[in-house]
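Remarks on the structure that follows.
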Amino acid sequence: MAHPRHFFSTKRWRAMLSNDPYKKRLCLVAVDEAHWISHWGYAMKKGEMAFRKWFSRINEIRSIVGKVPLIALTATATTSTRLKIMRSLEMKSPTLIMDSANRDNKTYAVQVITPDPAQTFKTLVQELKEHKGLTERTIIYCQTIKVTTFLYSFFMSELGDDMYIDNSGDPKKRTVEMFHSRIDDLNRDHILESMGEPNGSVRVLIATIAYGMGIDCKNVKTVLHYGPSYNLETYLQESGRAGRSNHEMCKSVVLYSSLMMKHCSEEIKSYVRESSTCRRKILLKNFDVDLEKLPAAEPAHNCCDFCKKNCKCQGDCCDFVFFKSLFTDIQEGPTDCLSREVSDAQRANLRQKLHYLKKALRGQYLRRVRLENVPMFTPAKLSGAFGDLHVEQVLSNCEKIFTVTDIFKFVDIWNLSVALEVLFTFGQVFCDVDVCEPVEEPEHNDTSEFADLDIFDFDIEDSVLAGIQEEMFYTAEDSLFAPNEEESGSDVE
């Protein structure tokens with residue numbers, strides 16, 4: 001086993017592969033995790049460099065070793081990814097062996113959230129305080145290391161001494177842990193060991209995509225995504241952490257706002273925002289699953305949040321909750337079915353008021369900088385709370401905005417006070433919204449600070465394209481290989 005770079009970038013390895021005694025003994029070339037050829041081997045945007053350019057040159061092995069059979073293995077590849085793999089590896093009419101990606105024991109849902117983690121996770125915090133080591137095991141996937149650290153700090157603050165399974169204060173008995181590529185080896189080993197035990201002390205794991213390849217986890221009942229995965233393949237892999245140990249029903253819930261989808265693929269955006277079709281079918285149609293042969297879930301809420309609308313498990317209704325938060329009652333209103341006609345005069349009036357709001361918020365920020373000695377940011381960061389982009393997003397979706405939930409759903413805002421101001425503006429223009437929604441200001445002021453820091457912007461250190469560590473692919477002889485990049489990649493189911 002070796003990294004493609006070693007095989008194709010050095011004369012030594014090429015000479016070994018083309019050596020006659022070696023070629024005579026070589027019976028098969030296996031390309032594992034073949035979906036990374038598509039994700040890493042080619043530039044994501046025109047003019048950019050590929051993250052792992054050697055992945056797109058694996059086909060060169062055919063000219064080196066001759067007519068040796070080649071097999072490509074992957075657990076989660078969409079139709080388009082599979083075609084890219086076959087083209088890249090020059091596979092002509094290959095034999096395809098595929099299994100269904102459907103998991104009958106998993107139910108899918110999405111929920112809009114506010115910037116305040118206390119509203120989102122208050123119920124989970126309470127369960128940890130009451131049940132400690134008996135709390136159902138949950139994984140919370142985050143998009144970046146910054147978000148992971150922020151969320152972990154929130155749980156630490158809320159739980160205090162209740163963060164342990166007993167009163168010992170032993171770090172190895174914490175019920176909440178975080179996992180990313182920069183944690184120390186001792187903590188990493190402890191988390192992996194605990195998650196590999198059905199009754200391990202870690203009950204809630206907050207993690208980046210680094211918690212992926214080759215990892216064994218037991219008794220995970222719920223997988224939450226605090227912001228969607230980058231694409232459907234990654235989402236399917238990460239959600240697959242739940243329900244591995246047994247066939248009990250488990251849940252996969254995406255918690256999101258519009259800002260959290262800033263760097264996601266169009267496929268995952270469509271999956272999250274769709275509200276008129278079975279969510280399971282939206283997911284599985286991308287993996288060549290025969291939707292006509294999908295068994296009907298009984299009761300219907302065991303399928304997804306859309307199918308729950310037709311569930312009658314309580315006689316004439318269904319009270320199943322995918323993930324309980326203080327925001328649940330607000331967001332489960334019938335706003336998906338609401339729409340208004342907007343006249344040109346109303347649109348012009350709304351635009352004028354939104355631009356006034358933009359200037360007022362900027363002035364408010366400048367006053368805060370002057371009076372409280374708050375660090376000054378660049379103009380781009382200064383306008384980040386509510387700028388021209390947000391004005392256009394509001395105007396593009398003004399027919400569908402009736403609640404704070406709708407604002408977080410359609411507009412790249414991560415500041416509750418700004419969202420409430422926008423909703424108040426809608427009340428002035430349309431007079432058909434409730435501007436007195438039961439939404440409180442966040443108790444944690446650092447959430448507004450994070451809006452300025454733009455914690456959902458991926459960078460080279462914690463993006464979805466940097467998580468599998470390269471030393472996993474090479475031997476001690478190749479220790480001069482390029483330094484580690486972090487935080488992306490995933491595993492095989």
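All residue numbers refer to positions in the sequence shown, counting from 1. These numbers were taken from a predicted model, which means no experiment stands behind them.
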Any [X] side-chain heavy atom under 4.5 Å of [Y] side chain:
X	Y	value
Met86	Pro94	yes
Ile145	Arg182	yes
Gln143	Tyr230	no
Tyr108	Val254	no
Asn231	Ile268	no
Thr277	Phe306	no

[X]: partners by salt bridge (charged side-chain N to carboxylate O under 4.0 Å, His left out), with sequence neighbours left out:
X	answer
Asp170	none
Asp288	Arg82
Asp166	Lys173
Glu292	none

Query raised in the report: Would Thr222 and Glu136 count as a side chain to side chain donor-acceptor pair (under 3.5 Å) if you check the C-alpha gap in whole Å, the side-chain angles of each, and the deciding distance to 0.1 Å?
Result: CA-CA 8 Å; Thr222 302; Glu136 285 192 352; 4.7 Å; no

Does [X], at its [atom1] atom, have more than 12 non-hydrogen atoms belonging to other residues, nucleotides or ligands within less than 6.0 Å?
X	atom1	value
Leu28	CG	yes
Asp184	CG	yes
Lys172	NZ	no
Lys285	NZ	no
Lys281	NZ	no

Check whether [X] reaches the backbone of [Y] with its side chain - one donor and one acceptor, N or O, closer than 3.5 Å.
X	Y	result
Ser157	Ser153	no
Arg137	Met195	yes
Ser88	Lys84	no
Asn105	Gly243	yes
Thr135	Arg203	no
Glu33	Thr74	no
Ser194	Ser201	yes
Arg244	Cys217	no
Lys251	Phe322	yes
Ser270	Glu266	yes

**Report entry** Partner of Ser258 under side chain to side chain donor-acceptor pair (under 3.5 Å), chosen from Arg273, His390, Gln393
**Finding:**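 Exactly one option meets the side chain to side chain donor-acceptor pair (under 3.5 Å) with Ser258, and it is Arg273.
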
Shortest non-hydrogen contact from [X] to [Y]?
X	Y	result
Ser18	Ile64	N-CG2, 3.8 Å
Phe179	Leu205	CB-CD1, 4.0 Å
Thr107	Asn302	CB-O, 3.4 Å
Ile282	Asn286	O-ND2, 2.8 Å
Met178	Thr148	CB-CG2, 3.9 Å
Cys27	Pro69	O-CD, 3.5 Å

**Report entry** Ser229 vs Glu238, side chain to side chain donor-acceptor pair (under 3.5 Å): CA-CA, chis, key distance, verdict
**Finding:** CA-CA 8 Å; Ser229 304; Glu238 291 173 343; 2.7 Å; yes

Requested in this report: With sequence neighbours left out, write down each residue that passes ring pair (Phe, Tyr, Trp, His ring centres under 6.0 Å) with His301, or none if nothing qualifies.
Outcome: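 Phe320.
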
Requested in this report: Could I get the full list of ring pair (Phe, Tyr, Trp, His ring centres under 6.0 Å) partners for Phe155, not counting sequence neighbours?
Outcome: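 Phe155: ring pair (Phe, Tyr, Trp, His ring centres under 6.0 Å) contacts with Phe121.
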
Quick check for you: to the nearest 0.5 Å, what is the distance between [X] atom [atom1] and [Y] atom [atom2]?
X	Y	atom1	atom2	value
Met261	His263	CE	NE2	12.5 Å
Asp162	His131	CG	NE2	12.5 Å
Met98	Phe287	CE	CZ	12.5 Å
Ile85	Ile37	CD1	CD1	6.0 Å
Asp185	His190	CG	NE2	14.5 Å
Glu274	Leu283	CD	CG	13.0 Å

Query - Full working for side chain to side chain contact (heavy atoms under 4.5 Å, CB included) between Thr138 and Val223 - result: CA-CA 6 Å; Thr138 299; Val223 172; over 6 Å; no

Requested in this report: Please confirm whether Tyr235 and Tyr141 have ring centers closer than 6.0 angstrom.
Outcome: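 Here the rings of Tyr141 and Tyr235 have centres that are no less than 6.0 Å from each other.
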
Query - Verdict with reasoning, Leu224 to Phe323, per side chain to side chain contact (heavy atoms under 4.5 Å, CB included) - result: CA-CA 9 Å; Leu224 303 175; Phe323 176 70; 3.6 Å; yes

Query - Arg62 vs Met91, side chain to side chain contact (heavy atoms under 4.5 Å, CB included): CA-CA, chis, key distance, verdict - result: CA-CA 10 Å; Arg62 289 186 176 277; Met91 304 174 85; 3.7 Å; yes

Report task. Applying side chain to side chain donor-acceptor pair (under 3.5 Å), run through Thr114 and Gln119 and close with a yes or a no. Result -> CA-CA 7 Å; Thr114 75; Gln119 286 189 327; 2.7 Å; yes

Query raised in the report: So does Glu197 pair up with Lys218, basic N to acidic O under 4.0 Å?
Result: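 No, this pair does not count.
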
Query raised in the report: Is Lys400 paired with Asp406 through a side-chain N to carboxylate O contact shorter than 4.0 Å?
Result: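 No, Asp406 and Lys400 are not salt-bridged.
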
Query raised in the report: Does the pair Cys142 and Leu151 meet the rule for a side chain to side chain contact (heavy atoms under 4.5 Å, CB included), with working shown?
Result: CA-CA 9 Å; Cys142 300; Leu151 210 54; 3.9 Å; yes

